[in-house]
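Structure record follows, encoded as structure tokens.
Values below: every heavy atom of this structure, side chains too, minus hydrogens, waters and symmetry copies. Please read these numbers as outputs of a predicted model, since none were measured by experiment.
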Amino acid sequence: MDTVSSGRAACSTGGRTKKKEITKPMELPEPSVTEPTPLAEPTPPAAISRPAVSALITGVSGQDGSYLAEFLLAQHYTVHGLIRRCSHVPTERIEHLLNHPRFHLHYGDLTDPQNLYEVLRKVERLDGRPPREIYNLAAQSHVHVSFVMPYYTAQVDALGQLSLLNAVKELQWIPHTRVYFAGTSEMFGSSPPPQNEQTPFHPRSPYAVAKLYAYWITVNYREAYGLFAVNGILFNHESPRRHVSFVTRKITRAVGQLQRGELDVLRLGNLNAKRDWGHSRDYVRAMWLMLQQETPRDLVLGMGESHTVREFVVKAFACAGVHLRFRGTGVDEIAEDCATGRVLVRVDPRYFRPSEVENLQADPTLARQVLDWTPEYSFDDLVREMVQHDLHVSHHDY
Ligand code: NDP
Ligand code: GDR
């Protein structure tokens with residue numbers, strides 16, 4: 001499985017509770033070359049001016065979290081980000097924000113409800129009020145990994161959202177705070193496209209099942225307690241910041257690696273799977289718009305068009321001037337360079353999933369009406385940006 005090399009999904013504190021340590025700022029590590037200053041001792045409440053609006057982002061070190069943090073800072077928010085304590089500090093995507101005066105990081109983990117509660121209290125202490133918005137983006141977000149780690153995936157992706165909602169309720173923040181949950185088109189699973197807010201859910205992976213629990217607990221806290229909490233049902237969105245274990249980035253990175261002679265052949269799983277791919281920058285803007293509405297509403301966000309993995313491959317190689325020809329079927333299918341005959345892509349059953357989601361295509365009509373949201377990036381723009389990044393990379397390999 002392409003995800004094994006990353007090891008990121010297993011990077012958890014294992015649910016340990018360290019209440020005393022976490023509430024004492026001095027216990028946070030001192031700044032050093034490898035540990036950025038925002039992880040150092042937080043500024044005491046008295047010393048900061050009270051921000052007009054603040055937000056907390058879980059999963060701030062991930063693809064969407066990094067773009068959302070940029071977006072909110074540009075909107076003059078104070079941004080608090082939850083970050084995991086790992087053997088390395090996973091700040092590659094947010095390095096450029098670390099010295100921003102309105103950007104603060106806090107150690108935490110969604111599998112640790114006590115810690116989550118303490119982080120929320122600390123944010124309130126620092127700002128002098130609850131954050132206006134919470135974006136729960138943290139997740140074990142890899143579908144294939146969820147078959148290997150179903151229990152852990154449920155802890156983070158399902159119970160993590162419950163812990164967060166419950167902390168908001170216990171802290172009596174319901175009148176002040178709005179919560180966004182990162183739902184997913186994977187919840188539709190085998191329901192035929194196009195999928196919209198009325199489409200029945202039929203999840204096909206432990207990841208999607210966990211997200212469905214979180215979806216419904218979010219609806220429940222909204223209905224039971226009047227919390228402004230919404231589910232964004234987002235279709236696939238990508239970027240040069242996408243982790244290399246997801247198929248789009250795996251492909252665009254391979255285009256660069258093959259060109260530089262760093263890879264012999266790109267090995268992929270199901271080339272026939274269809275996805276509705278957009279750009280992460282467009283989707284984080286929509287998340288924010290969802291929290292600016294008068295009434296909370298769950299919405300489907302997507303481009304409204306789908307492409308096979310094979311089409312993505314063809315387009316990505318074409319962006320680098322390589323034209324592919326496919327031959328064979330099933331596990332024997334290959335793609336070769338039309339100009340040289342060199343085999344560049346092979347099918348590898350290790351990347352097949354125990355149960356696959358074959359066809360996802362959004363019907364985003366409602367979101368476009370309600371939010372007046374129009375994506376700025378087309379599918380072609382997305383592929384081009386990712387390939388260009390990976391042809392010239394070596395600065396970052398997320
Ligand atoms: P990423 O995998 O890039 O980021 C996930 C983030 O969650 C990382 O910051 C990661 O931290 C953090 N995280 C993982 N486990 C924990 C934990 N136990 N406690 C705290 N933080 C944790 O995902 P994306 O940015 O692509 O996606 C954001 C959210 O949107 C996810 O919930 C995903 O499931 C959902 N989603 C994504 C879509 C997409 O196409 N991108 C589509 C639909 C939904 P670390 O850096 O330490 O690993
Ligand atoms: P997905 O994204 O499962 O849709 O979840 P991913 O890029 O992993 O897979 C998309 C499709 O491509 C097929 N595929 C491969 N996938 C990977 N990872 N590696 C391969 O080599 C490969 N070959 C073919 C897959 O089988 C699948 O059909 C993403 C994540 O961001 C989730 O968190 C999010 O909820 C959904 O998108 C919407």
Side-chain angles (χ1 to χ4, degrees), residues 2 63-64 141-144 184-196 199 204-205 208 233-256 266-283 286 300-327 329-330 333-335 338 344-348 351-353 356-365 367-368 373-391:
D2 50 322
Q63 173 189 250
D64 290 2
S141 70
H142 203 282
V143 173
H144 204 170
T184 166
S185 52
E186 284 293 302
M187 299 185 302
F188 294 125
S190 56
S191 277
Q195 292 99 357
N196 64 23
T199 304
R204 297 268 291 164
S205 63
I233 307 174
L234 271 56
F235 284 62
N236 297 55
H237 43 277
E238 321 290 314
S239 73
R241 294 186 197 168
R242 189 62 141 152
H243 190 258
V244 294
S245 61
F246 296 97
V247 75
T248 54
R249 185 77 205 294
K250 182 174 172 182
I251 295 165
T252 61
R253 185 174 70 148
V255 170
L266 166 61
R267 295 180 187 280
L268 294 172
N270 181 5
L271 297 175
N272 297 316
K274 286 181 142 184
R275 289 293 183 275
D276 180 331
W277 281 296
H279 197 295
S280 174
R281 269 189 206 282
D282 281 325
Y283 289 61
V300 161
L301 289 157
M303 302 292 285
E305 57 179 83
S306 70
H307 304 269
T308 60
V309 172
R310 190 183 293 96
E311 282 175 69
F312 194 104
V313 170
V314 168
K315 204 167 275 288
F317 277 89
C319 286
V322 178
H323 298 284
L324 294 179
R325 176 171 53 222
F326 281 83
R327 283 200 291 116
T329 54
E333 186 168 358
I334 56 157
C338 288
L344 296 175
V345 184
R346 285 189 187 282
V347 172
D348 187 331
Y351 301 115
F352 292 164
R353 293 167 184 192
E356 174 65 292
V357 172
E358 293 292 347
N359 197 351
L360 293 174
Q361 182 181 332
D363 165 12
T365 312
R368 294 201 179 185
W373 174 74
T374 311
E376 288 174 3
Y377 289 81
S378 67
F379 176 66
D380 285 4
D381 295 336
L382 170 72
V383 182
R384 199 178 313 114
E385 185 185 306
M386 291 178 72
V387 171
Q388 276 168 7
H389 173 89
D390 281 328
L391 284 177

Any side-chain heavy-atom pair of [X] and [Y] under 4.5 Å:
X      : Y      : answer
Pro375 : Met303 : yes
Phe312 : Thr248 : yes
Phe326 : Val313 : yes
Arg384 : Gln388 : yes
Pro240 : Asp390 : no
Glu186 : Val143 : yes
Ile334 : Val345 : no
Leu324 : Leu344 : yes

Where [X] and [Y] come nearest, the two heavy atoms and their spacing:
X      : Y      : answer
Thr308 : Leu271 : CB-O, 3.7 Å
Ser239 : Leu382 : N-CD1, 4.1 Å
Val244 : Lys250 : O-CB, 3.4 Å
Ala316 : Val387 : O-CG2, 3.6 Å
Leu301 : Ala367 : CD2-CB, 3.7 Å
Leu266 : Phe317 : CD2-CE1, 4.3 Å

About how many Å separate [atom2] of [Y] and [atom1] of [X], when rounded to the nearest 0.5 Å?
X      : Y      : atom1 : atom2 : value
Thr365 : Asn196 : OG1   : CG    : 7.0 Å
Glu358 : Arg275 : CD    : CZ    : 8.0 Å
Glu385 : Tyr377 : CD    : OH    : 4.5 Å
Lys274 : Gln361 : NZ    : CD    : 7.5 Å
Phe235 : Leu360 : CZ    : CG    : 5.5 Å
Glu311 : Ser306 : CD    : OG    : 7.5 Å

*Cation-pi check, Lys315 to Phe379: give yes when NZ or CZ is under 6.0 Å from the six-membered ring centre and within 45° of the ring axis, no otherwise.*
no

_Less than 6.0 angstrom separating the ring centers of Tyr283 and Trp373, yes or no?_
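So the answer is yes for these two rings.
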
Please answer whether the main-chain N or O of [Y] pairs with a side-chain N or O of [X] as donor and acceptor at a distance below 3.5 Å.
X      : Y      : value
Glu238 : Arg249 : no
Gln63  : His237 : yes
His142 : Ser245 : yes
Asp276 : Gly304 : yes

*Determine, step by step, whether Ile233 and Thr184 satisfy the side chain to side chain contact (heavy atoms under 4.5 Å, CB included) criterion, reporting the C-alpha distance in whole Å, the side-chain angles of both residues, the deciding distance to 0.1 Å, and the verdict.*
CA-CA 5 Å; Ile233 307 174; Thr184 166; over 6 Å; no

_No-hydrogen, no-angle side-chain donor-acceptor test under 3.5 Å, Asp64 and Ser280_ = yes

*Give the C-alpha distance, both sets of side-chain angles, the deciding distance and a yes or no for side chain to side chain contact (heavy atoms under 4.5 Å, CB included) between Leu391 and Val255.*
CA-CA 7 Å; Leu391 284 177; Val255 170; 4.1 Å; yes

*Evaluate the criterion side chain to side chain contact (heavy atoms under 4.5 Å, CB included) for residue pair Phe246 and Asn236; output intermediate values, then yes/no.*
CA-CA 10 Å; Phe246 296 97; Asn236 297 55; over 6 Å; no

_Checking Phe352 against Val347 for the side chain to side chain contact (heavy atoms under 4.5 Å, CB included) test, could you report, in this order, the C-alpha distance in whole Å, the side-chain angles of both residues, the deciding distance, and whether it holds?_
CA-CA 9 Å; Phe352 292 164; Val347 172; 3.8 Å; yes

*Does atom CZ of Arg346 have more than 12 heavy-atom neighbours from other groups under 6.0 Å away?*
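At most 12 heavy atoms, drawn from other residues, nucleotides or ligands, come within 6.0 Å of this atom.
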
*Among Arg327, Arg310, Arg267, salt bridge (charged side-chain N to carboxylate O under 4.0 Å, His left out) partner for Glu333*: Arg310

*For Glu356 and Asn270, what are the C-alpha separation, side-chain angles and deciding distance, and is it a side-chain hydrogen bond (donor to acceptor under 3.5 Å, both in side chains)?*
CA-CA 9 Å; Glu356 174 65 292; Asn270 181 5; 3.1 Å; yes

